[in-house]
Chemist: 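Let me give you the structure first, and then I'll get to my questions.
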There are 2 protein chains.
Amino acid sequence: MKDVAQHAGVSTATVSRVLNGHAAPTPETRERVLAAIEELGYRPNALARSLRTTSTQTLGLVISDLLNPFFAEIARAVEDEARSHGYCVVIGNADENTEQEATYVRTLLDRRVDGLLLCPATDDPSLVREVSAGGVPVVLLDRTVRGATCPVVRADGSEALTALARRLVGAGHTRIGVIAGPPNTSTGRERTDVLTGSLGGLAQVVHGDFRQESGSQAAAKLLDDGATALVAMDNLMGLGALGEVRARGLQIPHDIAFAVFDDQPWFPLLDPPITVVAQPTVEMGRAAARSLLALINGQQPDDVKLTAKLVLRGSLGEAEL
Amino acid sequence: MKDVAQHAGVSTATVSRVLNGHAAPTPETRERVLAAIEELGYRPNALARSLRTTSTQTLGLVISDLLNPFFAEIARAVEDEARSHGYCVVIGNADENTEQEATYVRTLLDRRVDGLLLCPATDDPSLVREVSAGGVPVVLLDRTVRGATCPVVRADGSEALTALARRLVGAGHTRIGVIAGPPNTSTGRERTDVLTGSLGGLAQVVHGDFRQESGSQAAAKLLDDGATALVAMDNLMGLGALGEVRARGLQIPHDIAFAVFDDQPWFPLLDPPITVVAQPTVEMGRAAARSLLALINGQQPDDVKLTAKLVLRGSLGEAEL
DNA sequence: CATCCATGTGTAATCGATTAACTACGGCCT
DNA sequence: AGGCCGTAGTTAATCGATTACACATGGATG
């Protein structure tokens, strides 16, 4: 910057003013400065700027698992929305691991992100509290924590799950296997509670960890126990469960009814296409980013609850008639 | 930091030494400082530190499309490797868009990343040159650019594609539809060249843009032209093509042979499972991160070329016998 | 013609760390 | 005892920006 100033025959203050679009400098001075900048290929040091202004124009996003297309899509949406407001997003991948999650959150805070979007790995509120205590705006995304005091953005699948339950019961299924998420996550618990609630006593629940492998294992157990329908509570466990169903040579929907929470682009390609509860992923990501930006600007955004929809495609068999 | 110093009755210099594990401070002083840090909940400001030391312990990763599971997996691998060396990764999503790519690269440089991993959107070398000129270490990943002067890490699919071509030809296919990537990307061109080369004159090529929609369109065109086999050059175009095949009610492999470049976890679930050329994604990501770190440490890493493998699963029909 | 004000630019403090250069202290040797 | 040295710790410069405040200039005004 000093070089630019010298080159243009002005002081660094003037250069800074030109850079930041202040009113002061003469059009003529401005020209000279811009020319010098161009000539020297100067680019301002964002670190220095942020140090001085205490604003990094950066949001932190800590997600549970980057390999889960659901979160990848969320990340994408967050990024889009943030960029359109002149913010940048730094993504941290917690890998469904509390420790790694905490590490990432702290790293992001150390780098002074202006705000944090968090998809918490568990519903333990301590990490969120720690962040809030540090005075950094936080918004929770997809999952919440116990006694959360910050805005939360998530999808409500109750209606869709109730409808799903009704159809399964109506079709005469009496042993319905539910491949649930971890009980210490809000989504894991709530989805399962709603579904089992509306299934009366017909549900049999096995908990997985939102990953493919646990989906196969859970499916195996449930099939061994004579389940005639399977519902996986997230797309990765659904993938695992489908593998198990295939491996056993079972036909959907003839031998077994099948549904998944979370839509994926390839579900319609299966034969039959898979019935799902589809979440408005992109809207969730965008809404979360908007809430966080509002919070950063001193507003108090409300919680956002978007509704998930049941998409019938054929994998439930007669239940869909 | 000043507060900590005061609290511990020492100067900021001493606090800094404790923080950075210098030899100087007495165990006793160290104790006091650590106690003060603990008590005040002090966390060093990474911006200030980086400004002073000109090192951010951060790598930039600009990928073509975060929604493409291939790149998501790469990102994940890069991040793992980087973390294990004490580095953090900032991901930028270029969306297969040159302008956005350039914007991201500049943003990352402005933030003074220690090095940059780039999956270039096109093979135009100007952006890479710009970065190199700025003295920032760069490594290219998956794709290269014309006349690249920096290390490149990628997968070589020649062998697998040749084998694939041999089988298709052997099975008597004479109209083989190739859904190619954009000709201005190295992977788009090379894969297609190898495949069409080994297919003699039997190949018919339609170029897509590495996205789902273009895959359906290309497939439609090729099927209209009477193709009896389809090969998609990346998983998203494969997804689109499969959709088109399904929509037309064609049976794989009976009506049409099908193969995709890039494996995906759900390919084995289709009926029949899809034959693919599988790239060693994780190894690519890790290798690229390692190369970049080496470059940052002043070494001159060689290019890395990993080999992709043909995985036969049944979607080629008699070609696989 | 002196005074005042507006306007454009420069000077220097500041953000929060690191680190070279210096000081103070105590022990050891002759 | 005096000189020397090693060591723990302090002072202050520095990284590259922003910005409050001071200053200079020129035109308008009484």
Side-chain angles (χ1 to χ4, degrees), chain A residues 1-37 40-58 86 88 106-114 134-136, chain B residues 1-37 40-58 86 88 106-114 134-136:
Chain A
M1 183 155 156
K2 235 183 294 178
D3 293 348
V4 173
Q6 209 153 24
H7 218 79
V10 298
S11 73
T12 60
T14 303
V15 176
S16 173
R17 292 202 183 97
V18 170
L19 243 46
N20 295 292
H22 275 242
T26 299
E28 172 193 347
T29 325
R30 181 181 306 272
E31 267 322 302
R32 259 195 333 209
V33 171
L34 289 176
I37 287 178
L40 299 178
Y42 163 79
R43 303 236 73 205
N45 183 322
L47 295 175
R49 188 205 295 266
S50 295
L51 177 60
R52 186 61 237 256
T53 61
T54 63
S55 138
T56 50
Q57 296 292 101
T58 302
C88 200
R106 298 210 180 92
T107 308
L108 291 173
L109 295 186
D110 286 354
R111 296 178 187 222
R112 298 304 190 263
V113 291
D114 293 341
V136 177
Chain B
M1 184 155 156
K2 234 184 295 178
D3 294 347
V4 173
Q6 207 154 24
H7 219 79
V10 297
S11 74
T12 61
T14 304
V15 175
S16 174
R17 294 210 181 90
V18 170
L19 243 47
N20 295 293
H22 275 244
T26 301
E28 171 193 348
T29 323
R30 180 180 305 271
E31 268 321 304
R32 262 195 331 210
V33 171
L34 290 176
I37 287 177
L40 298 178
Y42 164 80
R43 303 236 73 204
N45 183 321
L47 296 175
R49 189 205 295 266
S50 295
L51 177 60
R52 186 61 237 252
T53 60
T54 62
S55 137
T56 50
Q57 297 292 101
T58 302
C88 200
R106 298 210 182 93
T107 308
L108 291 173
L109 295 186
D110 286 353
R111 296 178 185 222
R112 300 300 190 263
V113 293
D114 292 342
V136 177

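Chain letters run A, B, ... following the sequence lines, proteins first, then strands; residues in each count from 1.
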Chemist: Quick one: is T29(B) getting a side-chain N or O under 4.0 Å of the dG9(D) phosphate, OP1 or OP2?
Modeler: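 Yes, such a contact exists.
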Chemist: With side-chain hydrogen bond (donor to acceptor under 3.5 Å, both in side chains) as the test, would you mind laying out the steps for T58(A) and R111(B) before giving the verdict?
Modeler: CA-CA 11 Å; T58(A) 302; R111(B) 296 178 185 222; 2.2 Å; yes
Chemist: Distance check needed: dC15(D) P versus R49(A) CZ, whole Å only.
Modeler: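 Rounding to the nearest Å, CZ of R49(A) and P of dC15(D) are 19 Å apart.
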Chemist: Rounding to a whole Å, what distance do you find between R17(B):CZ and dG9(D):C1'?
Modeler: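 Nearest whole value for this atom pair: 7 Å.
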Chemist: With the side chain counted from C-beta on, respond yes when N20(B) and S16(B) share a heavy-atom pair under 4.5 Å apart, and no when they do not.
Modeler: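 They are in contact (side-chain heavy atoms under 4.5 Å apart), so the answer is yes.
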Chemist: Does the side chain of L19(B) come within less than 4.5 Å of Y42(B)'s, by heavy atoms?
Modeler: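 A side-chain contact under 4.5 Å exists here.
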Chemist: Looking at dG8(C), I'd like to know if its phosphate oxygens (OP1 or OP2) sit under 4.0 Å from a side-chain N or O belonging to T14(A).
Modeler: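 So the side chain of T14(A) is outside the cut-off, no N or O lying under 4.0 Å from OP1 or OP2 of dG8(C).
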Chemist: From the set dA17(C), dA8(D), dT19(D), return the single nucleotide nearest to any side-chain atom of N45(B).
Modeler: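 Nucleotide nearest to N45(B)'s side chain: dA17(C).
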Chemist: Quick one: E28(B) CD to dG9(D) C1', roughly how many Å, whole number?
Modeler: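 Atom-to-atom, E28(B) to dG9(D), this comes out as 13 Å.
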Chemist: If I take atom CG in residue N20(A) and atom C1' in nucleotide dT19(D), what distance separates them, rounded to the nearest angstrom?
Modeler: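 Distance check: N20(A) CG to dT19(D) C1' gives 10 Å.
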Chemist: Any N or O donor-acceptor pair under 3.5 Å from the base of dG16(D) to the side chain of R112(B)?
Modeler: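 Answer no: no donor N or O sits under 3.5 Å from an acceptor.
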Chemist: Using atom CD1 of I37(A) as one end and atom C1' of dA17(D) as the other, report the distance to the nearest whole Å.
Modeler: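 My rounded result for the distance is 13 Å.
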Chemist: Nearest of dA20(D), dG16(D), dA17(C) to any side-chain atom of A48(A)?
Modeler: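 Within the option list, the nearest is dG16(D).
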Chemist: Quick one: M1(B) CE to dG9(D) C1', roughly how many Å, whole number?
Modeler: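 Checked: the CE to C1' distance equals 13 Å.
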Chemist: Decide yes or no for T29(A) and V18(A): does some side-chain heavy atom of the first lie under 4.5 Å from some side-chain heavy atom of the second?
Modeler: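 No, side chains not in contact.
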Chemist: Quickly work out the L51(A) CG to dG16(C) C1' distance and round it to whole Å.
Modeler: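 Nearest whole value for this atom pair: 6 Å.
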Chemist: Pick the nucleotide of DNA chain D nearest each of R32(B) and T12(B); which residue has the one closer to the 5' end?
Modeler: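 The residue closer to the strand's 5' end, by nearest nucleotide, is R32(B).
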Chemist: Which heavy atom of M1(A) sits nearest a heavy atom of T12(A), and at what distance?
Modeler: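 The pair with the smallest heavy-atom distance is CE-O, 3.0 Å.
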Chemist: Taking only the side-chain heavy atoms of Y42(B) (C-beta and beyond), determine which of dT18(C), dA17(C), dT18(D) contains the nearest atom.
Modeler: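 Nearest nucleotide to the side chain: dA17(C).
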Chemist: Out of dT18(C), dG8(C), dG16(D), which has the shortest distance to the side chain of T26(A)?
Modeler: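 Of the candidates, dG8(C) comes closest.
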Chemist: What is the separation between atom CZ on R52(A) and atom C1' on dT18(D), rounded to the nearest whole Å?
Modeler: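 Those two atoms, CZ and C1', are 5 Å apart.
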Chemist: Counting any heavy atom closer than 4.0 Å, what does V15(B) reach on the DNA or RNA strands: base, sugar-phosphate only, or nothing?
Modeler: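 Answer is nothing: V15(B) stays at 4.0 Å or more from every strand.
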